[in-house]
**Student:** 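Quick one: the structure is below, and I'll ask about it shortly.
Because the structure is predicted, anything quoted here is derived from the model rather than measured.
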Amino acid sequence: QVHLVESGGGLVQPGGSRRRSCAVAGSRVNDHIMAWYRQAPGKSRELVADIINGGPANYRDAVPGRFTLSTHNATNTVFLHMNKLQPEDTAVYLCNAPSSYFSANTYWGRGTQVTVSS
């Protein structure tokens, strides 16, 4: 089975940066569309960015110019670099590999909390 193993959450001060990682176990990162979602307290889950076969990444309007999604093929890992974080970015961030032409199934990471506060 495919498992998405996440790391990189934690507490960040406003204006700070954080890097999330999502390692694809049991498959190759290039065999999936890879995406990052986030879900803030009391709000619905929203797509942050996604990437196909190494790039280029696509970003949602909520995070233009502040977040960067990239992949590292040697370790089958996708990263989300989060810069200039704001309290509004506080959320559980989840790695996702949706079903697509490249993959018959949808996979989710467990999600990790990113909290932005002073």
Side-chain angles (χ1 to χ4, degrees):
Q1 291 185 350
V2 176
H3 299 280
L4 306 181
V5 183
E6 301 182 23
S7 64
L11 178 64
V12 187
Q13 294 194 54
S17 300
R18 201 74 173 186
R19 188 181 77 167
R20 295 293 320 282
S21 67
C22 175
V24 180
S27 188
R28 299 195 322 127
V29 67
N30 285 346
D31 289 339
H32 304 268
I33 298 173
M34 301 301 305
W36 285 98
Y37 284 77
R38 68 181 181 184
Q39 187 166 13
K43 298 184 178 181
S44 60
R45 185 178 300 166
E46 65 175 350
L47 177 66
V48 176
D50 58 17
I51 191 168
I52 302 174
N53 196 26
N58 303 296
Y59 302 95
R60 306 301 292 179
D61 292 341
V63 294
R66 297 194 299 113
F67 288 14
T68 302
L69 193 157
S70 63
T71 57
H72 186 238
N73 292 340
T75 55
N76 287 319
T77 302
V78 60
F79 300 96
L80 182 67
H81 302 262
M82 300 177 288
N83 303 305
K84 299 180 179 179
L85 286 162
Q86 304 298 316
E88 298 76 37
D89 297 316
T90 295
V92 172
Y93 285 75
L94 306 101
C95 184
N96 170 244
S99 61
S100 68
Y101 174 84
F102 305 99
S103 175
N105 301 305
T106 297
Y107 303 97
W108 288 94
R110 294 182 178 180
T112 56
Q113 178 74 33
V114 175
T115 300
V116 185
S117 67
S118 59

**Student:** Nearest 0.5 Å, please: how far is CG in N96 from CG in L4?
**Tutor:**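 The distance works out to 7.5 Å.
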**Student:** Using a 4.5 Å cut-off between side-chain heavy atoms of Ile, Leu, Val, Met, Phe, Trp and Tyr, which other residues end up in the same hydrophobic cluster as Y37?
**Tutor:**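 Y37 shares its hydrophobic cluster with L47, V92, L94, W108.
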**Student:** For the backbone of K84 and the side chain of Q86, can you confirm whether one donor and one acceptor N or O come within less than 3.5 Å of each other?
**Tutor:**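 Checking the backbone N and O of K84 against the side chain of Q86, a donor-acceptor pair under 3.5 Å is found.
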**Student:** Is there a donor-acceptor contact under 3.5 Å from the side chain of T106 to the main chain of S99?
**Tutor:**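 Side chain of T106 to backbone of S99: a pair is present.
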**Student:** Mind checking the OG-CG spacing from S117 to L85? Nearest 0.5 Å is all I need.
**Tutor:**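 One finds 11.5 Å between OG of S117 and CG of L85.
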**Student:** From Q1 CD over to Y107 OH, what is the distance, rounded to the nearest 0.5 angstrom?
**Tutor:**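 Between Q1 CD and Y107 OH, I get 7.0 Å after rounding to 0.5 Å.
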**Student:** Between S103 (side chain) and N105 (backbone), is there a donor-acceptor pair under 3.5 Å?
**Tutor:**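 Flag set: sc S103 to bb N105 pair under 3.5 Å.
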**Student:** If you draw a 6.0 Å radius around CZ in R45, do more than 12 non-hydrogen atoms from other residues or ligands fall strictly inside?
**Tutor:**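 Counting neighbours around CZ of R45, more than 12 heavy atoms of other residues, nucleotides or ligands fall under 6.0 Å, so yes.
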**Student:** Name all pairs fulfilling the salt bridge (Lys or Arg N to Asp or Glu O under 4.0 Å) condition that reach into residues 62-77, sequence neighbours left out, sorted by first residue then second.
**Tutor:**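 Non-adjacent pairs meeting salt bridge (Lys or Arg N to Asp or Glu O under 4.0 Å): R66-D89.
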**Student:** Is the shortest side-chain heavy-atom distance between W36 and M82 below 4.5 Å?
**Tutor:**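 A side-chain contact under 4.5 Å is absent here.
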**Student:** Hey, could you give me the CD1/CD1 distance between I33 and I52, rounded to the nearest 0.5 Å?
**Tutor:**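 If we round to the nearest 0.5 Å, I33:CD1 and I52:CD1 are 4.0 Å apart.
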**Student:** Could you list all the side chain to side chain donor-acceptor pair (under 3.5 Å) pairs where at least one residue sits in residues 4-18, not counting sequence neighbours?
**Tutor:**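 Only E6-R20, S7-S21, S17-N83 qualify under side chain to side chain donor-acceptor pair (under 3.5 Å).
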**Student:** Between F79 and H72, how do the two ring planes meet: parallel, tilted or perpendicular, split at 30° and 60°?
**Tutor:**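 Taking H72 first and then F79, their aromatic rings sit tilted (interplane angle of 30° to 60°).
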**Student:** With rounding to the nearest 0.5 angstrom, report the CE to OG1 distance, M34 to T77.
**Tutor:**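 Answer rounded to 0.5 Å: 9.0 Å.
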**Student:** Determine whether I51 and Y59 make a side-chain contact, defined as any pair of heavy atoms from C-beta on separated by less than 4.5 Å.
**Tutor:**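 Of all side-chain heavy-atom pairs linking Y59 with I51, none is under 4.5 Å.
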**Student:** So, N76 side chain and R28 main chain: donor-acceptor pair closer than 3.5 Å or not?
**Tutor:**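 Answer holds: no.
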**Student:** For the OG1 atom of T90 and the CD atom of Q113, what is their distance to the nearest 0.5 Å?
**Tutor:**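 That separation rounds to 7.0 Å.
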**Student:** If you look at every heavy atom in S44 and Q39, which pair is closest and at what distance?
**Tutor:**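 So the minimum-distance heavy-atom pair works out to C-CG, 4.0 Å.
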